[in-house]
Each structure stands twice: as C-alpha cells, then as structure tokens.
Amino acid sequence: MRLSSQSLTRFSISSFHSYPNMPSGSNSLMWFRKGLRIHDNPSLEYAAKNSTQVYPVFVIDPHYMKPDPTAFSPGSKLAGLNRIRFLLESLVDLDSSLKKLGSRLLVLHGDPGDVVIRCLKEWDIKKLCFEYDTDPYYQALDAKVQSYAFENSIEVFSPVSHTLFNPVEIIQKNGGNPPMNCLSFSKVAGEPHWLSSSLFTSLSMIPPVGDVRNLEVSDVPTVKQLGYEDTQEEEPPIFKGGESEALRRLKESTKDKEWVAKFEKPNTDPSAFLRPATTMLSPYLKFGCLSSRYMYQCIKEIEKEFKNHTSPPVSLLGQLFWRDFFYTVGFGTPNFDHMRGNKICRQIPWNNDDELLAAWRDARTGFPWIDAIMVQLQKWGWIHHLARHSVACFLTRGDLFIHWEKGRDVFERLLVDSDWAINNGNWLWLSCSSFFYQYHRIYSPVSFGKKYDPTGAYIRHFLPVLKDMPKEYIYEPWTAPLSIQTKANCIIGKDYPKPIISHETASKECKGRMAAAYELNKEKNGMVSDEDLQNLRTRVKDQSQVTGSRRLKQKRPNQITCRRLSSHVWATQAGFHPDPPSSPPATTGCGHPATTTITRPNKQSQGFYGSLSVVSVTPPPLPPPSSFTVVVVSSPMVSTPNQWYDFLEQLATGLRRHRSTSSYPDLREQTPQWNQPNTLNRYLFSSFADSRASRSRVKDSQEPKDEHDDVWLLLKEGQPHKFLGCLQYIMYLEVWTQLDHQTVMVMKMNDIVNGNSSSFMWWNKNPVTLRGKIAINRYHWLHILDALNNQWLQV
DNA sequence: CCCTCCGTTGACAAC
DNA sequence: GGTTGTCAACGGAGG
Ligand SMILES: Cc1cc2nc3c(=O)[nH]c(=O)nc-3n(C[C@H](O)[C@H](O)[C@H](O)COP(=O)(O)OP(=O)(O)OC[C@H]3O[C@@H](n4cnc5c(N)ncnc54)[C@H](O)[C@@H]3O)c2cc1C
C-alpha cells in the first residue's frame, strides 16, 4: 500500500517475443503508450536493466487531432480537449518522475509506427520495450513495429500490465472464445498470479538518455501547441493527469475502508456531483497512470478487514473485473466496434437521424435530466456510470433509436476515460446489442433521475437556465404553466427546448422495433443482410403492417377449465360423508361449482414464476387432542406459463405426487365448529400477508415492524410456532387467532426475483421442509386453493 | 431439442 | 429507495 515500502521482489512478467539472453551494454527504447507510470511497469523495469542507455519515448499521433467528421461542430477533434489535456498532464508528470530517476521523457510527433521505427534505426536500439495492448489501434501498430524489430534482431519485450489478466490467456483457457458474462469471466480468470507480489519495483535509477541525433524531440507540448483552443477549465479542475495524482486519489478513495468494502455499483448515485459516488479513477486507469493490478491489491487488502464485504460483480473489485471483461471480449471479437460483421452483436435497423443525434449530443433534447448529463459530459469529460446508462439508452433502444456506434463516437471524443474496449462494450450492452437483452427495461428520462435527486440540484447545476424552475417541474419543464415558466425566467421552446420526442410513444415504438429486430435475428440466425435491415426499417415505419405481419408466437391459453369431480374422497376421509353419494354432486364439498377455471399467473418479467409448495392437511381425527398430518406438494420451479399451467393441471389431476408428510400435534381447542359434519372447514389456511411481512421477519434479530400483516406459522421442528396474528384478510385466520389456536399450514412460494438473496434461499432449496414462517399473497392463494380443491375432489 | 437457472443497475402501481 | 408483482416482452450457458 505504501509507496515508500518498495520491495525487491520482482514482479514476474510474461513476455512476448522476448529474447532471453540479452547482450548487455546496449540501447533500449521504452515506448510509452498507455501505462504512463513508474509503479508496476514491467517494461520500464526491463528496459532499465542491462542497458547503457534508455530512451523513454512517447509519440503523439496527429490522427487524434484531426477533425471529427461526426461532430458537425467546427474544430471538434477526434480526441476532446479534456482528454488531451489529461494526457499532456500525465506526460508532464511522467517526465518529472523520470527525471528523478536520472532520465527524461522524449516526445515525438507523427505516425507512431513510423516514428518508432525511425528511433530504432537512428538510436541503434537493441531492446524495444512497451506494454502489451489489445486495442486494435495498437495491435496494428505493434505488428508493424515488431516485424521490423524481428527483421533487425531487436529484442522486443511486451508484457501484459494494463489489465489484471492476460486476455489472450483467458480466451485460450475458455476454449478459444472469450467468456460472455462476468461470472464465467471470473471463473476462468481465477486468482491473479501476482496477487501477493509487490508491484513497486526497485527502480532507483534509469540509465541515461542517449543522444537523440537527427530526430526531432520535444518537451511535452501544451494543448495550444496541438491546435486546441485552451478554453477555461472547470474550476477547480475535475482531473489532473498523471501518476502522482492517480496514486494520491487512489489513497483518497480507499481511505474510507468501509465504503470500499461495502461498495455496490448499482446503488451509487448518478446525480451526485459535489462528491461523485464512484472513485472517478477511470481516466487514470485508462491511461495507465494507475495500475489496475495495484488498485486490485489495495481493494483486496481492505476487503480482508471486513467479513461481509460486497462481491463482484457489484463490488469495487468487480468493477475492475468488468474492465478486464470488456478488454477480453473486445480482443476476442472481430469487428467488436461495429454492428456489421460483429458476431456477438444483434443486427438492429437503427434509424439515421442526424438532427436527433445532434440534439442529443448538444444537450438539446428538452429532457433536463438527459441534457444535464450531456453538459456534464462535455464540461467534465466524465459522468457517472448510470448517467451513461441514461443517455445511452435514450439515444439507442429507449427513445431515439439511433445507432449505438454514433453515441460511441461522441463518448469517445468527449470522455477523458474513453477506452476502446470498455466504451464499445458498454454501448453494446446498453443498446441491447449484446450481453444484455431485456430491451423492455428502459430508463425514463424523467423518473430515473428524480429517484436520486428529487429537487433537481444536478440539473440546476449543469443547466443553469432551469435553475429557478420549481422542483415539481424541473424534470418536465414543458408541463409547467406559462406563469411559472415566466417566473422562472425560462420559457420552454425559447430559453430551453421542448422535448424532441414523447418518451411514452417513442419508447413504445422502440420496444416494438427491438422485438421485430430480435425476431429477425433469430429467424436468420444472426445472418442479417443489409437488405433485411432495410426491409425491416420500412416495415417498421408502417405500424399496421408490423402488427399484421408479426408472427405471433404460439400461445397456450391462459385459462384452463377443470372439472371438479366430487367431494367424495375428501369428505369421506374427513368422516363427513359416511355414505358416498351415488352420483357426482353439482358442487364441490367446498361449495364451488363443479367446474372451474384456473387462470395462469403471468409472471414473466423476471423469467420465473416462483416455486410453490402446497400443503394439505389431512382431516384431524376428532376429538382432539391428537395429531394430524401435513402433506406437502411441491412444484418445480416454473419459468414459463406453460409450465405453470402444467403444474396446476397435475395438481388438479392428482398426478403430482406428495413429497413428504410430517405429523404435528393438534393443539386446537375443541370447538363446535370443527365437529360439525359437512361444514366448510378447510384445513388449509390462507396465512395471508403481504410478503413484505415475511421479509421483514427474515432477519432474526429484527423486530417486526408491522404485526398486523404478519403471519407466523408454527411448523418448526414439529413444534408449533406462535401465531402472532394476521387478522385482515382471511376468515380462518381470524378465527384461529381469536381462539388462540396453534395453527398449521403452509404455503410457500415465491421467492422469485430475489432468489439469490440468502434470506430467501431456503425456500427455493428446500421447498418441502417445513420450518419458519410463511406468508403468501392473495394472488397465489387463489391459485393454490383452486388447485387443491380440484386435487381433493379427484378420485 | 427441451429444461433450468441466471443475469451489476427499469417503470410503475399496489401494498 | 420499504417491498412486491406486473408489463405485449430477453438470450446464453449448461444439463
Ligand atoms: C455507454 C457507456 C460507455 C462507457 N464508456 C467508458 C469508457 O470509455 N471508458 C471507461 O473507462 N468506462 C466506460 N464506461 C464504464 C463506466 O461507466 C466507467 O468506467 C465508470 O463510470 C468510471 O467511473 P469510476 O472510475 O468512478 O468508476 P468506479 O465505479 O469507481 O469503478 C472503478 C473502475 O472500474 C472500471 N469500470 C467501472 N465500471 C465499468 C464498466 N461498466 N465497464 C468496464 N470497466 C468499468 C473503470 O476502470 C473504473 O475506473 C462506460 C459505460 C457506459 C454505460
């Protein structure tokens, strides 16, 4: 952790095309690209070893200063000012660190491939060292330089130090393809081999820089010298490039150890701008001012101190996994940065609408939340991850239906942390083109921000024109009455634009298009032609045709009719009908009509219907006290309507087997009600409560907040639980509660969405084990009741 | 082929 | 952010 505690342990490095036995007394070239740091820099360390002279070089590629053809606005360069400023600051810092080690940074200009090859020639280099890089830009460059080096017997040393793991290795280990989700990525990756090595090397001196001869070498230029207008920076500056600042900020971020250990990315606040909710280390990681491996070690160290720290993918460590994940997938996927020719990318007929695109890019959408984010992006060069989600979703699948590549380009130019693999990967993600496919989950340009920042402080800060808009209207200023707009000095349509689209209709339309596009991709097995896309585009334009031509998925009816046979069996068992009736009655023993319908619940959104255990109770022999038996029927996890349907049908026809029986003492008091033959006593109780009640009970230490809705069932280890009361909904409970009976019954269900939450797991894992407290909701109750009625009455 | 499980981050309404 | 269930509605991995 501490910078001063440099150890002599050498970090083990993997090398590419390295020639192990180097002649000593030679010139080395240390080619900096990313990895603008001294710490954890195996290439620099290697260059410094056994060399008489080391030339540390950075080449500025004028390509990045070319105008961005997609930016429309004059003077916009491919790389935004903020990023270039960050880079130059980082170079200055690097230079000064090198100077402390007796060296300095040589800055050259031109096509890096050509320049480096000229350096190799001119300076008689024997050893070329640079950090391995997976970006296509560097892959192409490196291939060129390496082949020159190979022909001229120059040793090339190119270790992996930008990422935690070696993407090449991960892909190999995974059988030739990159893992496609975070979990499988971390499984394949395992523990990094350098976990307990010291990443601070023993560099105390770097051999001197040799004569630069005929090459034009400069100091680190200013942004102006690179052709940028040096406009006013934010005050105080948001970032300051460089390793020293990176390490300082890392220390700062990790000072609050608990914050690090409890970090949960999805719960961080995108609207926080006074003190942003995440580390803001991304630019430092992007340029390698900060080693991701060192950051990893620091976090790991902190996590050791906390028992219940969070875990990937949501933890802070998990964020670094995501970074590696995208690097790996980006490296292993041809055409990763395009839709066409990209195997993992859904082919979607995005619209071409430069006006909408420009409105989005220039913060003129008329949605303050979106526009404020775009302003922050321009000013700061950094926005929170969820803010990126908001605007990326808005541009692509959520509202404007514009190609993610266009948004990617804007981000690439404006983000200080803009990073080829991460940027493209996340745009693929957000546009539902890959990795993530739930295109119906759309961020609202109104509600999403409101959730975090109800008063709109974030909007007021970045869109001062709206600063006096009352908070009721700040997210939807077009709904403000004119008098209020006047008072707020902001007339919508004049001082601030009207919304360019209606979110409601636009998002609906987007969903439809996504559905159609997905269907097309499935149909064509991913081999979608330009023509197909064009067809779809025109087809989608005509709404009526879309619905008309959409092939409906085969659907099973969501209602089935079951015939209730008779109450004979049940009633006989109950001792209520000593003489079975000769013909099936018109109603069931419970008074239901002889036929009934079962409506399928339509729980599709999360992909689960929930698991269900049903208990029936055999009729207790009377008089009590005695014991009676609880029978549990458990369902499989059902995840489709049809499965649910099948399950109910099985219950109804008795095909579903009982899984277990247990006996419980019957502690009920004898009451007249239970002794009456033919009365409607069901031994199944709707222990009914909002499941929040059961949830709130899950933590044993916690006292329930609201007993009114709460139900405790008394099935622990054969011992009745104490019944705390649930009065509201179902008569039986009331009766029992009033009588202070111990009661039995079980129904469980539903864990569903949060099935991974440990407090719920036991339900899922042991649906037939009777313990704990159970509550069901009305919805399920109806279905269970229905199913059981059928089951009981079946011969 | 079907199934089962699972996936860092939705809106909204109802409770 | 109290939690839950619904919404026309997801795909990929692994058995
Ligand atoms: C559309 C879109 C585009 C993005 N483009 C970029 C980009 O060009 N460069 C970039 O670094 N991040 C990008 N991200 C990912 C993420 O938003 C940023 O890394 C993060 O917001 C940076 O802030 P932080 O350093 O405070 O993050 P923290 O939450 O503090 O995370 C620490 C580090 O983990 C890494 N990380 C975090 N989230 C991700 C992620 N989702 N994917 C990969 N790595 C991650 C970053 O290196 C980050 O610095 C993009 C996200 C989206 C949705």
Side-chain angles (χ1 to χ4, degrees), chain A residues 174 177 179-184 186-187 263-270 278 310-319 321-322 325 344 346 384-390 393 397-398 426 429-430 432-448 450-452 454 503-504 507-508 510-512 514-519 521-522 526 547 550 552-553 555 601-611 636-640 642-643 646 689-696 698 705-706 708-709 728-729 749-757 760 764 775-780:
Chain A
N174 198 47
N177 290 314
M180 289 301 279
N181 60 56
C182 195
L183 192 73
S184 54
S186 51
K187 267 190 201 146
F263 186 89
E264 273 183 297
K265 185 64 162 273
N267 295 338
T268 53
D269 176 358
T278 53
T310 51
S311 318
V314 296
S315 65
L316 194 51
L317 209 62
Q319 304 313 301
F321 274 100
W322 283 109
F325 170 75
I344 67 166
R346 285 286 173 292
H384 183 274
H385 184 57
L386 291 177
R388 299 179 200 210
H389 275 228
S390 288
C393 177
R397 66 184 168 85
N426 277 289
W429 184 295
L430 258 292
C432 283
S433 297
S434 196
F435 309 116
F436 173 82
Y437 305 95
Q438 310 226 146
Y439 55 79
H440 33 85
R441 294 196 185 172
I442 291 177
Y443 291 90
S444 159
V446 172
S447 343
F448 188 69
K450 221 185 249 174
K451 184 160 66 173
Y452 298 94
H503 173 64
E504 192 160 307
S507 61
K508 264 201 195 118
C510 286
K511 284 184 216 173
M514 290 300 284
Y518 271 33
E519 205 179 326
N521 277 266
K522 220 191 260 172
T547 35
R550 190 147 74 177
L552 282 177
K553 276 184 203 157
K555 266 192 183 164
N602 196 17
K603 169 91 191 84
Q604 296 175 46
S605 57
Q606 302 292 331
F608 299 109
Y609 279 69
S611 86
M637 274 301 259
V638 285
S639 57
T640 67
N642 293 337
Q643 290 168 10
D646 290 344
D690 212 306
S691 13
R692 72 187 129 159
S694 66
R695 243 269 165 102
S696 72
V698 166
K705 285 180 230 156
D706 180 5
H708 174 74
D709 277 353
Q728 201 171 4
Y729 304 106
M749 22 223 21
N750 161 24
D751 104 66
I752 313 186
V753 186
N754 298 316
N756 56 356
S757 141
F760 267 64
N764 238 356
I776 64 164
N777 63 21
R778 262 182 303 203
Y779 184 69
H780 288 101

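Throughout, protein chains are lettered first and strands after them, A, B, ... in sequence-line order, and every chain is numbered starting at 1. Values below: every heavy atom of this structure, side chains too, minus hydrogens, waters and symmetry copies.
- The phosphate of B:dA11 has neither OP1 nor OP2 within less than 4.0 Å of any side-chain N or O from A:Lys450.
- Residue A:Glu264 is out of contact with every strand shown, counting any heavy-atom pair closer than 4.0 Å.
- Looking at A:Asn426 and A:His385, their side chains come closer than 4.5 Å, going by heavy atoms from C-beta outward.
- C:dC7 and B:dT8: their P atoms are spaced 25 Å apart (whole Å).
- Between the CD atom of A:Gln438 and the C1' atom of B:dG7 there is a distance of 8 Å, given to the nearest Å.
- The residue among A:Lys508 and A:Lys451 whose nearest nucleotide of DNA chain C is located toward the 5' end is A:Lys451.
- Nearest to the side chain of A:Tyr439, among B:dT9, B:dA11, C:dC10, sits C:dC10.
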What does the list of N/O pairs under 3.5 Å between the protein and nucleotides 12-15 of chain C look like, with a distance for each?
| residue | atom | partner | partner atom | Å |
| --- | --- | --- | --- | --- |
| C:dG12 | OP1 | A:Arg346 | NH2 | 3.0 |

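- The listed nucleotides are B:dT8, B:dT9, C:dG11; the one nearest the side chain of A:His389 is B:dT9.
- When each of A:Ile344, A:Asn181, A:Leu430 is checked for a side chain to side chain contact (heavy atoms under 4.5 Å, CB included) with A:Phe435, only A:Ile344 meets the rule.
- For the residue pair A:Ala387 and A:Pro270, the shortest heavy atom distance occurs at N-CB, 3.7 Å.
- With rounding to whole Å, A:Asn267 atom CG is found 14 Å from C:dG2 atom C1'.
- For the side-chain contact (heavy atoms from CB on, under 4.5 Å) test, residues two or more places apart in sequence or in another chain that qualify with A:Asp269 are A:Ser271, A:Ala272, A:Ala277, A:Tyr452.
- The side chain of A:Val314 approaches B:dT8 more closely than any other nucleotide in the set C:dG1, C:dA8, B:dT8.
- Following rounding to the nearest Å, A:Trp429 (CH2) and C:dG11 (P) show an atom-to-atom distance of 16 Å.
- Nearest nucleotide to the side chain of A:Leu386, out of C:dG1, B:dT9, B:dT8: B:dT9.
- Taking a centre distance below 5.5 Å and an interplanar angle below 30 degrees as the stacking criterion, A:Phe436 does not stack against the six-membered base ring of C:dC10.
- Using a 4.5 Å heavy-atom threshold, the side chains of A:Trp429 and A:Trp322 count as touching.
- By the side-chain contact (heavy atoms from CB on, under 4.5 Å) test, A:His503 is found to be paired with A:Phe367, A:Asp399, A:Ile442, A:Ser444, A:Pro445, A:Ser507, residues two or more places apart in sequence or in another chain being considered.
- Residue contacts for A:Tyr518: at a heavy-atom cut-off of 4.0 Å it reaches the sugar-phosphate backbone alone, with no base atom in range.
- Summarising the geometry, the separation between CG on A:Asn426 and C1' on B:dG7 is reported as 15 Å, rounded to the nearest angstrom.
- Residue A:Lys522 has its side chain nearest to C:dG11 when only C:dG11, B:dT9, B:dC12 are considered.
- Looking at heavy-atom distances under 4.0 Å, A:Phe448 makes contact with sugar-phosphate atoms alone, never a base.
- Here the separation of C:dA8 from B:dC2, taken at their C1' atoms, is 24 Å to the nearest Å.
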Legend entry - Dot-bracket encoding per residue of DNA chain C, Watson-Crick/G-U cut-off under 3.5 Å, | denoting interstrand: .||||||..||||||

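- Every residue meeting the side-chain contact (heavy atoms from CB on, under 4.5 Å) condition with A:Ser186, not counting sequence neighbours, appears here in chain and number order: A:Phe321.
- Residues that satisfy the salt bridge (Lys or Arg N to Asp or Glu O under 4.0 Å) test with A:Lys265, not counting sequence neighbours, are absent from this structure.
- Contact record, A:Pro313 with A:Gln319: O-NE2, 3.2 Å, taken as the closest heavy-atom pair.
- Between A:Leu183 atom CG and B:dT8 atom P the separation is 8 Å, expressed in whole Å.
- Using a distance-only test at 3.5 Å, with no hydrogens or angles considered, no donor-acceptor pair links the side chain of A:Ser315 to the main chain of A:Phe263.
- Across the protein-nucleic acid pair, A:Glu504 atom CD and C:dC7 atom P stand 17 Å apart, rounded to whole Å.
- The NE2 atom of A:His503 sits 8 Å away from the C1' atom of B:dA11 (whole-angstrom rounding).
- Straight-line distance between the P atoms of C:dG5 and C:dG1: roughly 22 Å, to the nearest whole Å.
- The shortest heavy-atom contact between A:Cys182 and A:Phe325 is N-CE1, 4.2 Å.
- Atoms NZ (A:Lys265) and P (B:dT9) sit 12 Å apart, rounded to a whole Å.
- The side chain of A:Ser315 contributes no N or O atom lying less than 4.0 Å from OP1 or OP2 of B:dT8.
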